[in-house]
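All residue numbers in this chain count up from 1 along the given sequence.
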Amino acid sequence: MASVDSHVLMKLVGLFFSTLFITMVSSESECRNFESIISFGDSIADTGNRLALSDPNNLPLNGFSPYGETFFHQPTGRCSNGRLIIDFIAEFLGLPYVPPYFGSKNRNFEKGVNFAVDAATALESSFLAKRGYSPTHNFSLGVQIKIFKESLPNLCGLPPDCRNMIGNALILMGEIGGNDYNFPLLQLRPVDEVKELVPLVISTISSAITELIGMGGRTFLVPGEFPKGCLVAYLTLYQTSNMEEYDSFGCLKWLNKFGEYHNEQLQAELKRLRKLNPHVDIIYADYYNTLLRLNQEPSKYG
């Protein structure tokens, strides 16, 4: 994901929280009952894992300026010039910024731990590679969950303590899945081919949530897809003289419809999980319409 301006993110998160946490809990004081944040995902939530995992002689772009310059005043591995959405969530809950698991072995993870890795996919890299999509690395959602489970003795000690930690955490499940679609879309693969991945991605996310529920998870925040048809990279790659391809705000209609399709399928699956697990709070985070409003009314949000 390209660099995201932190001032825009502040507007985005303010708008996002104004609706999200009304459905999540009845008051901000209840929100603050979360003792930690456990995060999985890709660049949207990575607070430094990809950078820590990289060869020091071959760092990713987010290891260099201008990444990090407006808030942390140095690159931190975040794909932003400042904070990410996860950082604003932590601030809102009165928790410290969630440290990356990798490269932070001696850090205190009592208030949160982050396994999200820039360019991660929901599906296994071997599966995507067989389809010719060539993922960057193998830190898929399943791998992240596996590493989390293996790390539990160091994070929280005995099984009862770990179950308590997981139960009292806000578990951020993504955003994840966007890169599964980015790889083929950036190769100009037909959108119908890419749509075949959607049920597989949704199933993978659902399985991860189910596994974490079995480990004691009680509160999940699950973001949807972004409106890719409004992103500069895709507007450039799929530029066309056919104005019928664009909506009134200049976004590619067909690509945004793909994002809507993913989000509809994800919400249907989350609804199913809620029925199966009535004791668990599973909140859908509507990144799509929040970012769409920023694109449609940029001056209103700075």
Side-chain angles (χ1 to χ4, degrees), residues 1-14 16-17 34 36-121 135-141 143-144 147-148 151 154-155 169-176 178-179 182 221 223 226 231-233 285 287 290-291 294 302:
M1 181 179 175
S3 175
V4 179
D5 191 287
S6 60
H7 300 294
V8 172
L9 269 177
M10 280 189 278
K11 298 285 186 178
L12 169 64
V13 175
F16 174 62
F17 282 152
F34 292 115
S36 67
I37 295 172
I38 300 171
S39 172
F40 305 94
D42 56 24
S43 62
I44 305 304
D46 183 357
T47 53
N49 282 316
R50 174 75 182 280
L51 187 61
L53 290 164
S54 299
D55 180 346
N57 297 315
N58 187 28
L59 295 177
L61 289 176
N62 59 22
F64 302 94
S65 181
Y67 290 92
E69 67 178 5
T70 63
F71 185 81
F72 298 100
H73 308 300
Q74 63 180 1
T76 63
R78 290 167 170 81
C79 289
S80 170
N81 66 345
R83 287 161 287 181
L84 300 175
I85 295 173
I86 185 176
D87 296 315
F88 289 98
I89 291 174
E91 288 182 1
F92 184 86
L93 297 177
L95 294 170
Y97 297 129
V98 186
Y101 175 74
F102 297 102
S104 304
K105 298 296 184 182
N106 297 320
R107 191 174 295 185
N108 187 342
F109 294 113
E110 183 180 347
K111 296 296 182 180
V113 59
N114 194 350
F115 294 88
V117 182
D118 174 24
T121 56
T136 307
H137 52 65
N138 186 28
F139 283 95
S140 65
L141 181 56
V143 171
Q144 292 177 31
I147 294 171
F148 170 60
S151 71
N154 294 324
L155 293 177
L170 172 64
I171 301 174
L172 181 58
M173 186 56 65
E175 185 270 342
I176 191 71
N179 289 318
N182 286 336
L221 183 60
F226 290 100
L231 301 182
V232 173
Y287 284 12
T290 306
L291 191 59
L294 282 178

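With rounding to the nearest 0.5 angstrom, the CZ atom of F72 is 10.5 Å from the CG atom of N81. Put simply, OG on S65 and CD on Q74 are 11.0 Å apart, with the number rounded to the nearest 0.5 Å. Here the CG atom belonging to D42 is positioned 12.0 Å from the OG atom belonging to S140, to the nearest 0.5 angstrom. H137 contributes atom NE2, which lies 7.5 Å from atom OG1 of T121 (distance to the nearest 0.5 angstrom). Note that OG of S36 is 10.0 Å distant from CG of L93, once rounded to the nearest 0.5 Å. Note that the CG atom of N154 and the CZ atom of F109 stand 9.5 Å from one another [nearest 0.5 Å].
With contacts defined as side-chain heavy-atom distances shorter than 4.5 Å, the pair P99/K111 does not qualify. Between I89 and L221 there is a side-chain heavy-atom pair separated by less than 4.5 Å. Within the 4.5 Å cutoff, the side chain of F71 has no heavy atoms near those of the T76 side chain. Looking at heavy atoms from C-beta onward, R50 lies out of side-chain contact with F139 at the 4.5 angstrom threshold. By the 4.5 Å heavy-atom criterion applied to side chains, E175 and I85 are not counted as neighbours. Residues P223 and I44 fail the side-chain proximity criterion, which asks for heavy atoms closer than 4.5 Å. You'll find the side chain of Y97 reaches within 4.5 Å of the side chain of E91, heavy atoms only.
Of the possible donor and acceptor atoms, none in the side chain of N62 sits under 3.5 Å from a partner among the backbone N and O of Y67. A donor-acceptor pair under 3.5 Å links the side-chain atoms of T47 to the main chain of V98, judged by distance alone. With hydrogens and angles disregarded, a donor-acceptor distance shorter than 3.5 Å links the side chain of N179 to the backbone of A120. Between the side chain of D46 and the main chain of G77, no donor-acceptor pair closer than 3.5 Å is present.
Using a 30° and 60° split on the angle between ring planes, F40 and F115 fall in the parallel class, below 30°.
For the pair S80 and G82, the tightest heavy-atom approach, listed with the atom from each and the gap, is OG-N, 2.9 Å. Scanning both residues, A169 and I38, for their nearest heavy atoms gives CB-CD1, 3.7 Å. A45 approaches I86 most closely through the heavy-atom pair O-CG2, 3.8 Å. When all heavy atoms are compared, the tightest approach of P96 to A90 is O-CB, 3.5 Å. Contact record, C79 with S43: SG-CB, 3.7 Å, taken as the closest heavy-atom pair.
Within the structure, salt bridge (Lys or Arg N to Asp or Glu O under 4.0 Å) contacts touching residues 69-79 (residues at least two apart or in different chains) are R78-D87.
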